[in-house]
Amino acid sequence: MGDKPIWEQIGSSFVQHYYHLFDTDRTQLGSIYIDASCLTWEGQQFQGKAAIVEKLSSLPFTKIGHSITAQDHQPTPDSCILSMVVGQLKADDDPIMGFHQSFILKNINDAWVCTNDMFRLALHNFS
Amino acid sequence: MADKPIWEQIGSGFVQHYYQQFDTDRVKLADLYVSLTRGLNTASKINTDASCLTWEGEGFQGKAAIMTKLNSLPFQTIQHIITAQDHHPTPDNCVMSMVMGQLKADQDQVMGFQQVFLLKNVDNKWVCTNDMFRLALHNFGA
């Protein structure tokens, strides 16, 4: 861990923290967003900590588990971190589904917060 | 189109242009990336605008390294189809775009992919400072 670039360390720690909170008590995810944060969830847009947490809290499953297949992190020109996650999730007794999620993390007042969050289920129409 | 937010217009315009260039002549993608040496002066040791690409987990920085990678990809023909795309404004006036799609390279099977771009306006032009690509290879088990 010590020899990884700093953005990798911050990005992967965030990702671990995010999915841990999501899988245990997603009503606690408010702590990582700010009022300027944007979420796009399956194409639907939400802005601000309150609207985002309300959306996440109201998702229609009681149990969820995420497992991460791959994650990438990059520093951005404006000293943020861009993270992309490919993974799988299992909600209640539904079949396992793939998902894609991307985050921008920004350091505000010495804390890393998520300003941008995009989520999509990996539902492809392979014909 | 006119009533879409500006970041949607910029993001979807970029995405359309990017995959069109990729599928027809990917050498031309160079125009979209920022080189390591652009704007360097004696005072600055690094160009913080230089583009980064992570391709299937492998990192490349600067227009030259990115183009060497993209040009050396081992297929003759490729076609991308976009399943979904999302665009956000970021706190630093950039546009973040996430694309989910399918691609067909040569005679290989159709595969899913995920790609994320960060676009920044540099000298009145939208360029790609960050690019991450992964094939959607999931291991769903038995």
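Everything numeric in this text was worked out from a predicted model, so none of it was measured. Side chains included, hydrogens not; waters and symmetry mates left out as well; all remaining heavy atoms used. A note on names: the letters A, B, ... follow the listed sequences, proteins ahead of strands, and every chain is numbered from 1.
- Separation of atoms OG1 (Thr40(A)) and CD (Gln85(B)) is listed at 12.0 Å; rounding is to 0.5 Å.
- The CE atom of Met98(B) sits 11.0 Å away from the CG atom of Leu82(A) when rounded to the nearest 0.5 Å.
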Q: Show your working on side chain to side chain contact (heavy atoms under 4.5 Å, CB included) between Cys80(A) and Thr90(B) and close with a plain yes or no.
A: CA-CA 10 Å; Cys80(A) 294; Thr90(B) 79; over 6 Å; no

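- Shortest non-hydrogen contact noted between Gly57(B) and Asp72(A) is CA-OD1, 3.7 Å.
- By the 6.0 Å contact criterion, CD on Glu54(A) is open, its count of non-hydrogen atoms from other residues, nucleotides or ligands being 12 or less.
- Taking hydrophobic clusters as Ile, Leu, Val, Met, Phe, Trp and Tyr residues chained together by side-chain heavy-atom distances below 4.5 Å, Leu89(A) shares a cluster with Val85(A).
- Each ring-ring contact (aromatic ring centres under 6.0 Å, His included) pair with one or both residues in residues 53-73 of chain B, not counting sequence neighbours, appears once here: Trp55(B)-Phe133(B).
- Around the NZ atom of Lys55(A), the shell of radius 6.0 Å holds more than 12 heavy atoms that belong to other residues, nucleotides or ligands.
- What you find for Gly43(A) and Asp86(B) is that their closest heavy atoms are CA-OD1, 3.8 Å.
- More than 12 heavy atoms of other residues, nucleotides or ligands lie within 6.0 Å of CG in Asp25(B), so this atom counts as buried by the packing criterion.
- Linking ILVMFWY side-chain heavy atoms closer than 4.5 Å, directly or via other members, places Tyr33(B) and Val15(B) in a single hydrophobic cluster.
- Here the shortest heavy-atom pairing between Cys52(B) and Pro75(A) reads SG-O, 4.4 Å.
- Neither the backbone nor the side chain of Gln109(B) comes within less than 4.5 Å of any heavy atom in chain A.
- At least one donor-acceptor pair under 3.5 Å links the side chain of Asn116(A) to the backbone N or O of Pro89(B).
- Taken to the nearest 0.5 Å, the CD atom of Gln74(A) stands 7.5 Å off from the CG atom of Asp131(B).
- If you chain together hydrophobic residues whose side chains sit under 4.5 Å apart, Val53(A) and Phe61(A) never meet in one group.
- Both Ile64(A) and Leu121(A) are members of a single hydrophobic cluster when ILVMFWY side chains are connected at heavy-atom separations under 4.5 Å.
- In summary, of the residues considered (Gln114(B), His88(B), Met132(B)), a side chain to side chain contact (heavy atoms under 4.5 Å, CB included) with Ser102(A) occurs for Gln114(B) alone.
- In the hydrophobic clustering of ILVMFWY residues, with side-chain heavy atoms under 4.5 Å counting as a link, Leu118(B) and Ile10(A) come out apart.
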**Q.** side chain to side chain contact (heavy atoms under 4.5 Å, CB included) evaluation trace for Asp78(A) with Lys120(B)
**A.** CA-CA 10 Å; Asp78(A) 300 295; Lys120(B) 186 178 167 83; 3.2 Å; yes

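- Contact of Leu53(B) with chain A is made through the backbone alone, with heavy-atom distances under 4.5 Å.
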Q: Kindly indicate, with the supporting measurements, whether the criterion side chain to side chain contact (heavy atoms under 4.5 Å, CB included) is fulfilled by Thr115(A) and Asp92(B).
A: CA-CA 10 Å; Thr115(A) 60; Asp92(B) 301 294; over 6 Å; no

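- Neither the backbone nor the side chain of Glu42(A) comes within contact range of chain B; no heavy atom of the residue lies under 4.5 Å from a heavy atom of that chain.
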